[in-house]
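Below is one structure, written out as structure tokens, with a few remarks after it.
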Protein chains: 2
Amino acid sequence: MPTIKDIAKAAGVSPASVSRVINNGPKVGAKTREKIKRIMGEMEYQPNANAQAINVQNNASIGIVLADLTDPLFAKMAHGIEKVAAQKDLQIFLNSGAFDQTSELNAIEVLLEHRYKALVVHSAMIDDKTLIEFARKVPGLVLLNRHIKEIESRCIWLDDKAGGGLMAEHIVEQGHKKIAIIAVDGIQNNTRHRIEGMKAQLAKYPVHYQIEVLEQGAATYEGGEVAVQNLLARGVEFSAILAYNDAIAVGAVSMLKAHGLSVPDDVSVVGFNNLILAQCMKPKLTTIHNPIEEMAMKATELALRLSKGEGTDVASFSIEEHQYTPELVIRQSVKRID
Amino acid sequence: MPTIKDIAKAAGVSPASVSRVINNGPKVGAKTREKIKRIMGEMEYQPNANAQAINVQNNASIGIVLADLTDPLFAKMAHGIEKVAAQKDLQIFLNSGAFDQTSELNAIEVLLEHRYKALVVHSAMIDDKTLIEFARKVPGLVLLNRHIKEIESRCIWLDDKAGGGLMAEHIVEQGHKKIAIIAVDGIQNNTRHRIEGMKAQLAKYPVHYQIEVLEQGAATYEGGEVAVQNLLARGVEFSAILAYNDAIAVGAVSMLKAHGLSVPDDVSVVGFNNLILAQCMKPKLTTIHNPIEEMAMKATELALRLSKGEGTDVASFSIEEHQYTPELVIRQSVKRID
DNA sequence: ATTTCATCGTCAATGCTTTTCCCTGTGCCT
DNA sequence: AGGCACAGGGAAAAGCATTGACGATGAAAT
């Protein structure tokens, strides 16, 4: 693999000139430029990006850390980031965190070692304090789908409380009084916020609601199945299920059917995220729309701006731009009861 | 951000010693080692990965290029690669190709510029010749989900012909004679191979089959919907649909229902890929299992081996290890007719 | 013909780490 | 005590490209 020196020698010029041609710099005459270009082509020269990155302080790539790409929600995040990157002709370095603290930390560290200036991180497991420290150290770091008060100007997040509220509101307005909530365990704050939101909403009505919160390990289709099985086995009474996400909701529906219960006739189900899955299934799933792709795009743009030292003035911070609002999408999986 | 020199100065040693500590090299006494480590911690030193990569020929990362992460099939690929990477403690540099030729090329080029030695590329748009050339140039490049005869020892692919054959076989054994095929357009070979496989299978029977092949642009849920709409509008007769993938199949089912046709009572539908989607929907989708995750893992391991110069002997090549076989998964979307 | 000034290029320093080669001191053997 | 092996450590080159300061060349201006 030829280096810049080889090209220079072959073209009878100095490495500096070659470098200037590579970077479309000035100070190289049209003729020389052509010649150098030709030789670069002939010798199949490819600049060593690592060597370039040593010198240039402005690494034109975005580092991102995500948990698990097989979760369509995270895939959508990735897609949002990609869209911004492609549009600005930037590269993405993706590092998968795999949902445990040490590998998430490791992922961030790797990104820092590569001197990426703009970082979009989606961390579910790292504690606030550590993240705050990272944020202080790295100006271009933005947290996606997480809200830490101390550095909220560096966060893009969903109003999970409002999301929980919407779910509860919809359900009780349809007359439901016995509600099962399928949450997920772990340190994840959004599950907690949503439940808080639900409870806060329910507290607004002068009715007594029967609530059962079930913490279910896996936020997946199978998780939804076992959650319902669990509920039924324990004889919990419920006419509505509020699920942590669409996958769980779909799993729940499937298991309810397996037990001869119809959705929405016997049990109403509400999902969360509004993934494509929610539209495909039968009955179409009533769910909460999560504008994660827009959020991801926003986070990316923010990270890029911050990494360039722009928009550092905290004065310009407005919650409206950083906190996204979920929306109720009514389809067919909820039925009014009396 | 401190450099190795800063650390060296602070510790009163030479950069060489610090480097040796970083890389767990020899020639540093226990006491000095401890001291250097301490100082590195205190000063929050992080080695510059780019500078490291200049010297070290063996870049311990895997470069991958994929098209669109929002397609669950590709997400599964990514996951397979990740699994291998995590297990070997390697990083992934992901570059999204976005399904057009120039950006796919660009993605590969970027990876080469970063001097990644092990490359897993999933390219749908680049022509054979270009890929063959890349393969020749880069020993550690492996093609995932694609078969190019000339470099098949560097490919991991699915036997699409067999997949098409399975679909056709199943359908005709259930008595169907009027078959609509929803394919996708583009240079993608797998669509073509599958159709070839279907036709070859049908040719084995002494019956005349009525086949309609519809090339539908988007391999998505919506694509499936418009495809069916198209078929119905043109008055094409069919009792079975063979779809290019599960998403199309699900879209097709939805549109059939919208026209008052029941699946599988009026029309049978077969998908492809066996994504989670296929299990969730109602009726559960009969489909072809695509072991893409295993394939991705295999491709990654192969790329790593090749990048280390191992397994270069073409003699050891066996098709069985490189070509994966799809399997029929019978669920509820196909019905016997007479 | 001489000065002036763009224009085109080169030299050498820079960025950060690794690695080769060489030096020093210590302990051990004879 | 002399010689040797060896562990611990340093100096400097190597690895690849960028960049700022400076030099040469030729044409235009006086």
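Not measured: the values here are computed from a predicted model. We name chains A, B, ... by the order of the sequence lines, and we start the count at 1 in each one.
- Residue A:Pro47 is in sugar-phosphate contact alone, with no base atom involved, counting any heavy-atom pair closer than 4.0 Å across all strands shown.
- Comparing A:Arg20 and A:Pro2 by the nucleotide of DNA chain D whose heavy atom lies nearest to each, the residue mapping closer to the 5' end is A:Pro2.
- Of the residues A:Val142, A:Thr300, A:Asn145, the one that meets the side chain to side chain contact (heavy atoms under 4.5 Å, CB included) test with A:Ile156 is A:Val142.
- Note: B:His147 and B:Trp157 have parallel aromatic rings, judged against thresholds of 30 and 60 degrees for the angle between ring planes.
- Comparing D:dA17, C:dC22, C:dT10 by their nearest atom to the side chain of A:Val13 picks out C:dT10.
- Whole-Å rounding puts the A:Ile36 CD1 to C:dC8 P distance at 12 Å.
- Ion pairing of B:Glu152 with B:Lys149 is present here, as a side-chain N (NZ or NE/NH1/NH2) and a carboxylate O approach within less than 4.0 Å.
- Counting only heavy atoms from C-beta on, B:Ser14 has its side chain closest to D:dG10 among C:dG15, C:dT17, D:dG10.
- Between the CD1 atom of B:Ile4 and the P atom of C:dC16 there is a distance of 11 Å, given to the nearest Å.
- In terms of position along DNA chain D, the nucleotide closest to B:Ala16 lies nearer the 5' end than the nucleotide closest to the other residue of the pair B:Ala16 and B:Asn55.
- The CZ atom of B:Arg33 sits 12 Å away from the C1' atom of D:dG9 (whole-angstrom rounding).
- Using a 4.0 Å cut-off between charged nitrogen and carboxylate oxygen, B:Glu42 and B:Arg38 count as a salt-bridge pair.
- D:dA13 atom P lies 13 Å from atom NZ of B:Lys5, rounded to whole Å.
- Comment: B:Arg146 engages B:Asp128 in a salt bridge, judged by a side-chain N to carboxylate O separation of less than 4.0 angstrom.
- Spacing between atom CD1 of B:Ile54 and atom C1' of D:dC16 amounts to 5 Å, rounded to whole angstrom units.
- Here the C1' atom of nucleotide D:dA17 and the CG atom of B:Asn50 are 12 Å apart, to the nearest Å.
- When distances run from any side-chain atom of A:Ile22 to the nucleotides D:dC16, C:dT19, D:dT18, the shortest one goes to D:dT18.
- Taking side-chain N and O atoms only, B:Gln52 has a distance below 4.0 Å to OP1 or OP2 of C:dT18.
- Here the C1' atom of nucleotide C:dT17 and the CE atom of B:Met40 are 13 Å apart, to the nearest Å.
- Taking 4.0 angstrom as the limit, A:Tyr45 places none of its side-chain polar atoms (N or O) nearer than this to OP1 or OP2 of D:dC16.
- In terms of position on DNA chain C, the residue among B:Ser19 and A:Ala51 whose nearest nucleotide sits closer to the 5' end is A:Ala51.
- Contact check, B:Thr32 against D:dG8: no side-chain N or O comes under 4.0 Å of OP1 or OP2.
- One can place CG of B:Asn48 at 16 Å from P of D:dA17, the figure rounded to the nearest angstrom.
- Of the candidates D:dA17, C:dT17, D:dG9, the closest approach to any side-chain atom of B:Ser17 belongs to D:dG9.
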